[in-house]
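All values below were derived from every heavy atom in this structure, side-chain atoms included, with hydrogens, water molecules and symmetry-related copies excluded.
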Amino acid sequence: MKSKIILFNLLLALFSALDLVGQELHTQSNAVSIGNESNSITGWYGTSGTNVTLDSSEAYNGNYSIKVEATSDGWRRLQYDLDLVIGDEYELVVYAKKTANSPTPQITNWAGFSMNNYADITSTDWQEYTVSAIATETSGSIKIYTGVPATTGNTIYIDYVSIRNVSNGSASDSQPPTAPILSSTGHGETTVDLLWSGATDNTAVTGYKIFKDGTLEATLGNVGTYSVTGLNASVTYSFTVSALDAAGNESTTSNTVTVSTGSAADTQPPTVPALTSTGQTETSIDLSWSGATDNIGVTGYKIFKDGVLEATLGNVSTYTVTGLTASTAYNFTATALDAAGNESAASNSVSVTTDSSSGGGSSGGSVWSESNSVASYTGDVAIGTSTVPTGYKMAIDGKLITEEVKVQLSSNWPDYVFKEGYDLPTLEEIQKHIKEKGRLPKIPSADEVKTNGIELGEMNKLLLEKIEELTLHLLQQNIRIQKLEKINNELSQK
């Protein structure tokens, strides 16, 4: 047997010298090279969880082979990296065997090539395995796994490896890829998102060209999506795409997709609100405002006390300033906000002096009456506190437990969301608002809730409005999904 191997080696060396076969790329002098036989595994390495050693008891040719053992469960492998010429064909010849404790087939896998050709290593005796593939990258690797995936103890032996470029550096592919199918998955004011599929090639598709209005926009790798940026708002653009292969062949252009970008961003601030005071106590002042309008919609307000920001609110029209000092004058202004973050000029200034510390309160005596087992009191009620804010009948400083609370609103319930003409904010606008404000549009901030609390009826109205807006977005997304499924079905039939 060894005499035949020696003769084979001599013939292989002779053919290589005469340049009658592809160039041998595996030139390291190590245990698995055709040249054999130094005590080294230079060029080969194991990944995490893999033990790679030289072995002298299981050599196929010469004195050594490489032993590859999984020391933990997972994708454990031996790897060899090499430079490639795109479009050239490479051939791997390897002798391998597995141990009896490795029931799972081992895979010889390629990276950087047109296909993942592999060979199952199924025998406990030495066998020759040959696979080949076309290079699609300038560098690649050969990966020999101990299992798919391995379990601890799975072991293989590798010896007598040959890696050759059988094209001798000259690619002969002249067939272009087929044309891809192009579609758009969305757009903004200055961007358009593109998606394509369906391009095939006799060797492999390696890249794509994107054209905007007939002019090259970008040359890409083997991807399936691209976002065109730097566009103008409210402008219509036409896009096509072509496919490329490793030999430089280019397909015909795809179908044309026409997309109009969104309208320009809102830069117009709301009008100025009109501010008034509706009452005060020793430590609080009640404010209200009206009159602010916006080209799209007012979404909130800012209240300033003596020129300093006091609170940022949602789309409400009243606010109680608390924690004030008795017998003290304060000046207040307000500004209006919209969803784009535009802010109006300051309102008129309202000056209010809190009550003196000796003011207000019942002079005593019985203030309750009872009729038909119903106790009644016409004044304000304060529990756990000594004051009731103006405009309210009861104030409780503490917890309240009850079986049911009914809030009856006179304001417009958000059925308007489902009516034709409702200005549904785009997901991009919502995302921008969340990024800038940390909350959904119109929803009060944590600081506002902490300072002012919430009105149950108004908050339920806002939450229902957000749910109905979310429902509209889900319906829009479902339409897009159905269109993509239709395209996918048509492609599958082709």
Practice item. Evaluate the side-chain proximity of Ile144 to Val68: yes if any heavy-atom separation is below 4.5 Å, no if none is. Key: no
Review point. Any side-chain heavy atom of Pro177 sitting closer than 4.5 Å to one from Asn249?
Key: yes
Exercise for review: Look at the side chain of Ser132 and the backbone N and O of Glu91, then say whether any donor-acceptor pair between them is shorter than 3.5 Å.
Suggested key: no
Practice item. Could you walk me through whether Tyr145 and Leu78 pass side chain to side chain contact (heavy atoms under 4.5 Å, CB included), step by step? Key: CA-CA 6 Å; Tyr145 289 82; Leu78 178 71; over 6 Å; no
Identify all side-chain donor-acceptor contacts of residues 45-53 below 3.5 Å with residues at least two apart in sequence or on another chain.
from, atom 1, to, atom 2, distance (Å)
Tyr45, OH, Gln79, NE2, 2.9
Tyr45, OH, Asp81, OD1, 3.4
Tyr45, OH, Asp81, OD2, 2.8
Thr47, OG1, Arg77, N, 3.4
Thr50, OG1, Thr47, O, 3.3
Thr50, OG1, Arg77, N, 3.2

Check your understanding: Got a sec, which pairs hit ring-ring contact (aromatic ring centres under 6.0 Å, His included) with one end in residues 190-238, sequence neighbours left out?
Key -> Trp196-Tyr208
Practice item. With sequence neighbours left out, write down each residue that passes salt bridge (Lys or Arg N to Asp or Glu O under 4.0 Å) with Glu310, or none if nothing qualifies. Key: Lys305
Check your understanding: Hey, which of Thr185, Thr261, Thr229 is the one that makes side chain to side chain contact (heavy atoms under 4.5 Å, CB included) with Val192?
Key -> Thr261
Exercise for review: Taking the side chain as every heavy atom from C-beta outward, state whether Tyr129 and Asp120 have any atom pair closer than 4.5 Å.
Suggested key: no
Check your understanding: Which pairs count as side chain to side chain donor-acceptor pair (under 3.5 Å) when at least one residue sits in residues 414-424, sequence neighbours excluded?
Key -> Tyr416-Glu465, Tyr422-Glu469
Review point. So, does Thr191 use its side chain to make a donor-acceptor pair with the main chain of His187 at under 3.5 Å?
Key: no
Check your understanding: Does the Ser254 side chain pair with the main chain of Thr240, one donor and one acceptor, at a distance under 3.5 Å?
Key -> no
Study note, to complete from the structure: d(Ser123 OG, Lys98 NZ) to nearest 0.5 Å is 8.0 Å
Point to revise | Any donor-acceptor pair under 3.5 Å from Asp159 side chain to Tyr95 backbone | key: no
Exercise for review: Return the set of residues passing salt bridge (Lys or Arg N to Asp or Glu O under 4.0 Å) with Glu189 (not counting sequence neighbours), or none when no residue passes.
Suggested key: none
Study note, to complete from the structure: Closest non-hydrogen contact found for Leu464 with Trp413 is CD2-NE1, 3.1 Å
Review point. Can you tell me if Tyr90 uses its side chain to pair, donor with acceptor, with the backbone of Val85 under 3.5 Å?
Key: yes
**Study point:** Any side-chain heavy-atom pair of Ser344 and Pro273 under 4.5 Å
**Key:** yes
Check your understanding: Run the side-chain hydrogen bond (donor to acceptor under 3.5 Å, both in side chains) check on Glu343 and Thr335 step by step: do they pass?
Key -> CA-CA 7 Å; Glu343 184 174 357; Thr335 59; 2.8 Å; yes
Check your understanding: Do the non-hydrogen side-chain atoms of Leu194 and Leu182 ever get within less than 4.5 Å of each other?
Key -> yes
Point to revise | Flag, side chain of Ser347 to backbone of Ala334, donor-acceptor distance under 3.5 Å | key: yes
Check your understanding: Could you walk me through whether Asp73 and Thr152 pass the side-chain hydrogen bond (donor to acceptor under 3.5 Å, both in side chains) check?
Key -> CA-CA 5 Å; Asp73 296 351; Thr152 302; 3.0 Å; yes
Review point. Are the side chain of Asp245 and the backbone N or O of Gly248 linked by a donor-acceptor pair below 3.5 Å?
Key: yes
Study note, to complete from the structure: One should read off an interatomic distance between Ile210 CD1 and Leu216 CG, to the nearest 0.5 angstrom, of 9.0 Å
Review point. Side chain to side chain contact (heavy atoms under 4.5 Å, CB included) between Leu313 and Lys302: does it pass, once the steps are laid out?
Key: CA-CA 6 Å; Leu313 311 173; Lys302 286 184 179 180; over 6 Å; no
Review point. Counting only heavy atoms not in Lys432, do more than 12 sit closer than 6.0 Å to its NZ atom?
Key: no
Review point. Measuring from Lys442:NZ to Leu462:CG, what's the distance to the nearest 0.5 Å?
Key: 7.5 Å
Review point. Counting only N and O atoms by type, is there a donor-acceptor contact under 3.5 Å from the side chain of Asn478 to the main-chain atoms of Leu474?
Key: no
**Study point:** N/O donor-acceptor pair under 3.5 Å between Ser260 side chain and Val235 backbone
**Key:** no
**Study point:** Residue Gln431 excluded, over 12 heavy atoms near CD under 6.0 Å
**Key:** no
Study note, to complete from the structure: The salt bridge (Lys or Arg N to Asp or Glu O under 4.0 Å) partners of Arg439 (sequence neighbours excluded) come to Glu448
Exercise for review: Using atom types as modelled and distance alone, determine if a side-chain donor or acceptor of Asp338 lies under 3.5 Å from a backbone N or O of Gly297.
Suggested key: no
**Study point:** Close side-chain approach of Thr219 to Leu244, heavy-atom, < 4.5 Å
**Key:** yes
